[in-house]
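Let me begin by presenting the structure, written as structure tokens, before commenting on it.
Naming: A, B, ... by sequence-line order, numbering from 1 per chain.
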Amino acid sequence: MSLRLEAYEIAKDSAVMVALDCEVAPGEVLSIMGPSGCGKSTLLAALIGALPPAFRATGRVFLDGHEITHLPTHARRLGILFQDDILFPHLSVGANLGFGLPSKVPDRKERIAEALHEAGLEGMEARDPSTLSGGQRARVALMRTLLAEPRALLLDEPFSRLDADRRAQMRHFVFERARSRGLPVVLVTHDREDAEAAGGRILSVRGAPL
Amino acid sequence: MARAGLWAALALLSALPLAGLAGVIAPSFGYLPALGGERLSLAPWQALWDWPGLGEAVRLSFVTGLLATAISLSLTLLIVAAWQGTRSFLWVTRALAPLLALPHAAAAFGLAFLIAPSGWIARAISPWATGWERPPDLLILNDPWGLSLVAGLVLKEVPFLLLMTLAALPQSDSRRGQMVARALGYGRVMGWMKAVAPRVYAQIRLPVYAVLAYSMSVVDVALILGPTRPPTLAVQILDWMSHPDLQMRFQAAAGACLQLLLVLGALAFWRLGEGLVARWGAGWAAGGARGVGADRLLRPLGASGALAIGLAVGLGLAGLLLWSFAGLWRFPALLPDVWSLRNWTGQAGDLGRIGATTAWIALGATLIALGLSIAMLQAGGGRWGMRLIYLPLIVPQIAFLPGLASLALILGIDGTAWAVMAVHLVFVLPYVLLSLADPWRAWDARAGLSAASLGARPWRVLWAVRLPMLTRALCVAFAVGFATSVAQYLPTLLIGAGRVSTVTTEAVALAASSNRRLIGVWAVVQMALPMVVFAAALALPALLFRHRQGKQIG
């Protein structure tokens, strides 16, 4: 599995903000760094097919050699994690995970229990997400994304809301799972520490190595 | 699907009012083949012109409408300016919000029972202060100047404008504007009026126009509190519409056209006033007067205005309840001498039957309105849609409903519950949409992106994520829609053609009688029905999500 951006550009009012031409190999983490407002989050929104109307994107995106540039969001199979966990507040922890798991998958209960086990949250299926700690919620959000069997992972500063200890743990937790599943990862961040901990290439939004 | 819903809603919102207008314009020039009018003529306008009460009725419409709107708007802005950001403000807004569900007619009856010569206020100060041993012969209700009509309108319009203002505050950056003004040494009220009010007004302009159009042309409140000889133009039009001589309908149509012109004229007049106030206000704000001392007067004034409205409505409703259980009740006793259930038991059959009709019509209209609103919002709504919903609120009911009634007559669907429900929908839809639009937009769109990136198709995102997260807002919108339907008087009367009655038409029909016990019973039911639904709407999400504390469930 690999994610390839071919002459990918995002412009606003004909001013180019993002210009990338790169390939992310399976298990590799590509970090995109830049100050806030440079277009990092817009890039991820464009990749999942939710570009705000004020922007225009050109170029093509390939996942495993298939073009996904014009597919609707739900058909792209790109997992995304935001700064906030965005667990659905009306669903229990287990139901949130079930939402991610494709409906054709058998043994749903076992799969959800395994995912919770992997996240160190055994037996928390029935819990209300709002009763979990920030770190626990972040792990549930990651497991929900992984259960959907994405073919690449996009990270929109997912560690910035966590305190220093949790942050290192969570980074490790996320990158390890992405590597073991062979997922290409694109991380956008304004934090050099996050980018360096990812251990991959670091580029600016214009494609310059940092 | 969502597109189809959007178009259906837009068609409904524009086609019915426009068809109704066409249905009064043609007969006003004598053309209505169904009633034998096959040649164009000016006779209906001539007949309208020859009616001796015309000048006075037109003046009443104008003056009561403008007065009620000006007082309601000033009081609303004063309450917000004086108290925004304080604990009392939260309390006031919470206390006034449920008044939105209260039908105009019930509030008007409550006020009538309070201020009538034999009402609670007169009883409370008699005989020790007034010497009255029997109700004084004063014309307080139905006063020829329309003052009690204005008071009745203000009671209901202030809560409406207050809620609209609250919704506009976040978009007007009011908190920071007020903070800057305060830091520059301005008093609360002065700072708010100069720094925040212009932006807030720009946001609530359409609701204010709706209040003006409504106040000028209201029928049910005017039947209860308004002058009688002559009545306001709107009431007179209804009188002609329900005249046994069907030829009077031509005159009624001319009156309806005149009412529309009057409302348009008043709106233009108001718009002109806006310009003048804006020009004067710019100089006023640049003048730099801090008005710190004014707070001492204006803050209590705003508070007493809010309190007076709360008390008038609260005591009025209590009075209705008491009368419905009263046997003998002599003047000036504060409480009935004899309590009785007879008022209720005597009406039990009618109450059940008509109450059920009312509830079915409201339920149907509201569910359809909810479906259409969701489709409209899902399809993006569009600027057009959000403006068009004000069309049925600004074009006066009395101006286009007579036309729709004629059309219903020609099509042979008048007097059916379905036709009544369809017409209710025209008025229910705007309120449901208004109530749902803000929470809908405030919803965190990333939840939808998360769901879509997990593979959920747009329909699943809507059903499984967005709607459940908006349960509370959906319930409130349902309650608002239900209350709107229950409160409809004119649409029910004109399209129902006397064969479909609801608790509101029954209650208002009693207005001319002096049977306070019966009025009490029907007005209590009229107010209780939407209130019960409102309470249920607040309780339902709490019950459904009792195991969820997430604050994002809006």
Side-chain angles (χ1 to χ4, degrees), chain A residues 41 44-53 71-93 95-105 126-132 137 140-154 156 158, chain B residues 1-3 374 377-384 436 439-477 537-554:
Chain A
S41 297
L44 296 196
L47 289 181
I48 65 168
L51 189 68
L71 288 183
T73 303
H74 65 83
R76 293 193 180 206
R77 306 195 56 189
L78 291 172
I80 187 166
L81 287 178
F82 295 101
Q83 209 170 65
D84 302 298
D85 50 71
I86 322 283
L87 293 180
F88 303 134
H90 58 291
L91 301 177
S92 67
V93 169
N96 263 283
L97 293 175
F99 191 100
L101 198 59
S103 54
K104 58 184 185 296
V105 174
R127 285 279 289 270
D128 177 356
S130 67
T131 61
L132 301 186
R137 293 170 59 102
V140 175
L142 174 67
M143 295 320 295
R144 184 178 69 178
T145 303
L146 294 179
L147 282 176
E149 296 163 8
R151 291 193 276 179
L153 196 56
L154 309 178
D156 188 356
Chain B
M1 185 90 178
R3 289 257 125 208
I374 292 168
L377 292 166
Q378 184 74 1
R383 277 216 178 118
W384 263 98
L436 198 54
W440 187 273
R441 289 200 203 95
W443 175 71
D444 187 348
R446 292 177 307 173
L449 286 184
S450 288
S453 74
L454 294 169
R457 286 163 190 283
W459 275 106
R460 181 139 184 261
V461 175
L462 180 68
W463 284 112
V465 180
R466 193 164 203 172
L467 293 182
M469 283 178 79
L470 292 172
T471 303
R472 194 169 301 152
L474 289 168
C475 285
V476 169
L538 294 182
L540 184 67
L543 191 73
L544 282 178
F545 295 113
R546 62 191 179 284
H547 302 306
R548 302 276 175 271
Q549 302 168 10
K551 302 224 168 21
Q552 304 96 310
I553 304 180

Measure from NZ or CZ of B/R460 to the centre of the six-membered ring of A/F99 and say whether it is under 6.0 Å with the direction within 45° of the ring axis. yes
Residue pair A/R144 / B/L454, side-chain heavy-atom distance below 4.5 Å: yes
Report yes if some heavy atom in the side chain of A/I80 is under 4.5 Å from a heavy atom in the side chain of B/S453; otherwise report no. yes
Could you pull out the closest heavy-atom pair between B/A447 and A/F88, with the gap in Å? O-CE2, 3.3 Å
[atom1] of [X] to [atom2] of [Y]: how many Å apart, nearest 0.5 Å?
X      : Y      : atom1 : atom2 : result
A/Q83  : B/R446 : CD    : CZ    : 7.0 Å
B/M469 : A/H90  : CE    : NE2   : 7.0 Å
A/I86  : B/L449 : CD1   : CG    : 9.0 Å

Quick check on B/A464 against chain A: is it the side chain, the backbone, both or neither that has a heavy atom closer than 4.5 Å? both
Selection from A/A126, A/A148, A/A141, A/S92 maximising heavy-atom pairs under 4.5 Å formed with chain B: A/S92
Among B/L544, B/V465, B/V461, B/D444, residue most engaged with chain A (heavy-atom pairs, under 4.5 Å): B/V465
